[in-house]
Amino acid sequence: MTYFTIETAAAKHGLAIYGGFHADTTDGLPGGYETLLMLGPSAEFWTHFKTTPEYIDSTSDPIDRWSTRIFSELAKDLNATAFLPFGGPPYAPFLTWALKTGRAWSSPVGMLVHDTTGLMVSYRGALAFRDQLDLPRLPENPCHPCANPCLSACPVNALSAEKGYNTDACHAHLNTPEGKTCVTEGCLARRACPVSLGANRTAEQSAHHMSYFHRSQV
Ligand code: SF4
Ligand code: SF4
C-alpha cells in the first residue's frame with residue numbers, strides 16, 4: 001500500500017488526503033496502527049457528490065450518510081480502519097489529529113486553517129493503516145506571512161482566537177437581511193482567506209453547509 005494508491009482511491013469519491021502522521025503514544029489510536037491519514041473534500045467533491053444516492057434521495061444528513069458508506073468501502077478496499085468525526089460519543093480526536101498532521105494550524109480567527117483549503121477545511125473521515133507509509137514533505141503555515149483578511153471579514157466579530165466562536169452572535173446575524181450573504185454563499189470570514197480558494201467551494205455547497213449549521217437555531 002502506498003500514499004499514491006490511497007490518494008487515487010480517494011479521488012474517485014471526490015476526496016483528497018488532507019494530511020497524515022505516524023502513530024505514537026499520544027494520538028489516541030488503537031495499538032497496531034502505524035499511519036493515520038485524514039481526508040476531506042477535493043476540489044471536485046460537490047460535482048461528484050450531487051450524483052450520489054445520498055444527495056439524490058433528499059433525506060436528512062446526506063453528507064454524513066455518504067461519508068459513512070464511502071469510508072466503510074475505502075477501509076475495506078485499502079485494508080484500513082475508518083474513523084468518522086461524527087456518530088459519537090465517544091468521538092475520535094479529529095482536532096488533535098488535524099494539528100498533528102502538520103498541515104493544519106490554529107488561525108488568527110480561532111478555527112483551523114489548512115494548507116490547501118484554508119478556512120474551508122472540513123474533515124470527512126480518517127483511515128488508519130498498519131503499515132508505516134511514506135508521507136509528503138510538510139508545507140509552511142499560510143498565515144505567515146498574510147495580511148489577515150479573515151480578522152476583519154465577519155460583520156459581527158463572531159470569530160476570535162482569544163474568545164472562540166460566538167455562535168449566538170453568528171446565528172443572530174444570519175437571521176437578519178444583512179446576514180443573507182453568509183447563508184446563501186458561505187461564511188464571509190472563511191471566504192476572505194485566500195487559501196480557501198483551493199477548496200473550490202461553490203455557493204451552492206456553502207449554502208448546503210450553512211443550512212445545516214443554522215437550521216437548529218431558526
Ligand atoms: S486569511 Fe491569512 S491569516 Fe487568515 S486564516 Fe487565511 S492565511 Fe491565515
Ligand atoms: S457566517 Fe457570517 S456572521 Fe457567522 S462567523 Fe461567518 S461571517 Fe460571521
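Whatever order the structure lists ligands and atoms in, that order sets their numbers, starting from 1. Excluded from the calculations below are hydrogen atoms, water molecules and symmetry mates; all remaining heavy atoms, backbone and side chain alike, are included. Sequential numbering from 1 along the given sequence is applied to the chain's residues. Here the structure is a predicted model, which means the values were calculated and not measured.
The ligand atoms of ligand 1 that sit less than 4.0 angstrom from a heavy atom of P194 are 1 (S). Less than 4.0 angstrom separates some heavy atom of M210 from each of these atoms of ligand 2: 1 (S). Ligand 1 places these atoms under 4.0 Å from at least one heavy atom of P149: 1 (S).
Inside a sphere of radius 2.8 Å centred on atom 4 (Fe) of ligand 2, the protein N/O/S atoms present are C170 SG. Excluding waters, the set of protein N/O/S atoms under 2.8 Å from atom 8 (Fe) of ligand 1 reads C143 SG.
Using a distance-only test at 3.5 Å, with no hydrogens or angles considered, a donor-acceptor pair links the side chain of H22 to the main chain of L133.
P139 approaches G102 most closely through the heavy-atom pair CD-O, 4.0 Å. In this structure, P142 and V113 approach most closely via the heavy-atom pair CG-CG2, 4.2 Å.
Counted by atom type alone, E204 and T202 present zero donor-acceptor pairs between their side chains at under 3.5 Å.
Using cut-offs of 30° and 60° on the angle between ring planes, the pair F45 and F49 is parallel. Using bins of under 30°, 30° to 60° and over 60° for the plane-to-plane angle, the ring pair H209/W46 lands in the tilted bin. Using cut-offs of 30° and 60° for the angle between ring planes, the H48 and W66 rings count as perpendicular.
Within a 6.0 Å sphere centred on CZ of F4, heavy atoms belonging to other residues, nucleotides or ligands number 12 at most.
Considering only heavy atoms from C-beta on, T181 comes within 4.5 Å of R191 through its side chain.
Screening residues 99-139 for ring-ring contact (aromatic ring centres under 6.0 Å, His included) gives Y18-H114, Y18-Y123 as the qualifying pairs, with residues at least two apart or on separate chains.
Applying the side-chain contact (heavy atoms from CB on, under 4.5 Å) test to T5 and every residue at least two apart in sequence or in another chain returns M1, T2.
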